[in-house]
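Read through the structure below, which is laid out as structure tokens, and then see the notes.
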Amino acid sequence: MTTRRIGVSPQAMYQSFKGRLISGEFAAGERLRPDRFRDEYGMGATAIREVFLRLTGEQLLTTEEQRGFHMPEASFEKLEETLAYRLLLEAEGARLAFLHGDLEWEARLYAAHHKLAHIEHRMNEMAEIKPVIPVWTRIDWEFHEVLMSACPSTTLREAHRNSFERYRQQVVAILPTYGFRPETIPQHAAILKAATERDAEACRRAIEAHLTSHRDLIVERKTDPREGSGANETRRAANIETP
């Protein structure tokens, strides 16, 4: 049963719904009607539509005339494109952060990594990680956001956030691991080490290794498109455009 929320502002719904869009709650290509969420958020369909239009502007939803709002389609090509874009922005943002970050920035980065490592070690022991994917996605973002936070370019940081969200949307739509594997833990540790040593090239390599470690799974899915999807058991291979 859906719980009706009272007094949810458009901004609060925007933040809440964005988290749901990048955590795998909805299937790739799924239609999302504003009326469906009226009781859940305690908002009118018109206000919800405005939120959806904002998310469409960030490419986290799609819309076509007479067809309503949909989740973006997932494909291996889109996954690779969003990966390359995120890598480009994060590597440059981290480089600039190393030039401007102070001791407090380092402390916040250590704290964010400690929080992330804690949940990832717990996930590594779980038989089923799906219930914690929304929390992990948020904490993973916090770590990468702090990494970039000393970068003086607001434009670059904003573009990076959108690239992170679009990349995560593709990952959870395609990969059965939701983007988490045991190797994720040392990969984040390598990013932290390179960052605190202010080694921009080592950090770029660590980020690239972290983001591209899923490629063997992509090869498996291309070989056997019937293999189960990640974030939503109802998602079928037909929702994913194979090359």
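With hydrogens and angles disregarded, no donor-acceptor distance shorter than 3.5 Å links the side chain of Asp35 to the backbone of Ala45. Looking only at distances, no side-chain donor or acceptor of Ser16 sits under 3.5 Å from a matching main-chain atom of Ala12. Without hydrogens or angle criteria, Glu165 side chain to Leu60 main chain gives no donor-acceptor distance under 3.5 Å. In terms of modelled atom types and a separation under 3.5 Å, the side chain of Arg33 and the main chain of Gly68 share no donor-acceptor contact.
Not counting sequence neighbours, Thr46 has no partner by the side-chain contact (heavy atoms from CB on, under 4.5 Å) test.
Other residues, nucleotides and ligands place more than 12 heavy atoms under 6.0 Å from the CZ atom of Arg198. Summarising the local packing, CZ of Arg122 is surrounded by 12 or fewer heavy atoms from other residues, nucleotides or ligands at distances under 6.0 Å. Annotation: Lys18, atom NZ; neighbour count of heavy atoms from other residues, nucleotides and ligands within 6.0 Å is above 12.
Asn162 and Glu58 get closest at one heavy-atom pair: ND2-O, 2.9 Å. Nearest heavy atoms, Leu79 versus Thr82: O-OG1, 3.0 Å. Across every non-hydrogen atom of Gln169 and Pro72, the tightest pair is OE1-CG, 3.3 Å. In this structure, Ala195 and Leu109 approach most closely via the heavy-atom pair CB-CD2, 3.6 Å. Minimum interatomic distance between Gly179 and Thr184 (heavy atoms only, all atoms of both residues): O-OG1, 3.8 Å. Ile129 and Met123 get closest at one heavy-atom pair: CG2-O, 3.6 Å.
Residue pairs meeting the ring pair (Phe, Tyr, Trp, His ring centres under 6.0 Å) criterion with at least one partner in residues 134-155, sequence neighbours excluded, are His113-Phe143, Trp136-Phe180, Trp141-His160, Trp141-Phe164, Phe143-His188, His144-His188, His144-His210.
A heavy-atom distance below 4.5 Å is found between the side chains of Ile207 and Leu147. No side-chain heavy atom of Cys151 sits under 4.5 Å from any side-chain heavy atom of His100.
A distance of 8.5 Å separates CD of Glu128 from CD1 of Ile133, quoted to the nearest 0.5 Å. To the nearest 0.5 angstrom, Gln15 atom CD is 9.5 Å from Ser9 atom OG. One distance of note links CG of Asn124 with CD of Glu183; it measures 9.0 Å at 0.5 Å rounding. Taken from CD in Glu80 to CG in Leu87, the straight-line distance is 11.0 Å, to the nearest 0.5 Å.
Look at Arg204 and Glu201 and you find a salt bridge, because one of the NZ, NE, NH1 or NH2 atoms lies within 4.0 Å of a carboxylate O, short of that distance. Look at Glu92 and Arg95 and you find a salt bridge, because one of the NZ, NE, NH1 or NH2 atoms lies within 4.0 Å of a carboxylate O, short of that distance. By the 4.0 Å N-to-carboxylate-O rule, Glu73 lies too far from Lys78 to be salt-bridged with it. Electrostatic pairing of Glu145 and Arg138 does not count as a salt bridge here, judged by no charged N lying under 4.0 Å from a carboxylate O. Glu30 and Arg36 are joined by a salt bridge, as a carboxylate oxygen and a charged side-chain nitrogen come within less than 4.0 angstrom of each other.
Counted by atom type alone, Ser149 and Arg108 present one or more donor-acceptor pairs between their side chains at under 3.5 Å.
In the hydrophobic clustering of this structure, Met71 groups with Phe52; members are Ile, Leu, Val, Met, Phe, Trp, Tyr whose side-chain heavy atoms approach within less than 4.5 Å, directly or through other members. Cluster annotation: Leu99 is not connected to Leu88 through the hydrophobic network of ILVMFWY side chains, with a link wherever side-chain heavy atoms come within less than 4.5 Å. The hydrophobic cluster containing Ile22 also contains Phe17, counting ILVMFWY residues as joined when their side-chain heavy atoms lie under 4.5 angstrom apart, directly or transitively. If you chain together hydrophobic residues whose side chains sit under 4.5 Å apart, Ile119 and Val171 fall into the same group.
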*asked:* For a side chain to side chain contact (heavy atoms under 4.5 Å, CB included) check, start with the C-alpha distance between Thr196 and Phe98, then their side-chain angles and the critical distance, and finish with the verdict.
replied: CA-CA 8 Å; Thr196 53; Phe98 299 165; over 6 Å; no
_Could you walk me through whether Arg181 and Ser213 satisfy the side-chain hydrogen bond (donor to acceptor under 3.5 Å, both in side chains) test, starting with their C-alpha distance in whole Å, then the side-chain angles of each, then the deciding distance to 0.1 Å, before giving a yes or no?_
CA-CA 9 Å; Arg181 305 169 74 184; Ser213 63; 4.6 Å; no
*asked:* Pair Met148, Leu156 - check side chain to side chain contact (heavy atoms under 4.5 Å, CB included), show working.
replied: CA-CA 9 Å; Met148 296 275 294; Leu156 196 157; 3.2 Å; yes
*So Arg86 and Glu81, salt bridge (charged side-chain N to carboxylate O under 4.0 Å, His left out) or not? Walk me through it.*
CA-CA 9 Å; Arg86 177 184 166 187; Glu81 288 173 5; over 6 Å; no
_Tyr178 vs Ser23, side-chain hydrogen bond (donor to acceptor under 3.5 Å, both in side chains): CA-CA, chis, key distance, verdict_ = CA-CA 8 Å; Tyr178 306 91; Ser23 298; over 6 Å; no
*Could you go through the side chain to side chain contact (heavy atoms under 4.5 Å, CB included) check for Ile185 and His121 one step at a time?*
CA-CA 7 Å; Ile185 299 172; His121 280 291; 3.7 Å; yes
*Where do Leu61 and His70 land on the side chain to side chain contact (heavy atoms under 4.5 Å, CB included) test, with the steps shown first?*
CA-CA 6 Å; Leu61 285 176; His70 292 76; over 6 Å; no
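In this structure, Tyr85 has its ring center no closer than 6.0 Å to that of Tyr167.
Cation-pi geometry between Arg54 and Tyr14 is met: under 6.0 angstrom from the ring centre, within 45 degrees of the axis.
Exactly one residue among Thr56, Leu32, Leu55 makes a side-chain contact (heavy atoms from CB on, under 4.5 Å) with Thr63. That residue is Thr56.
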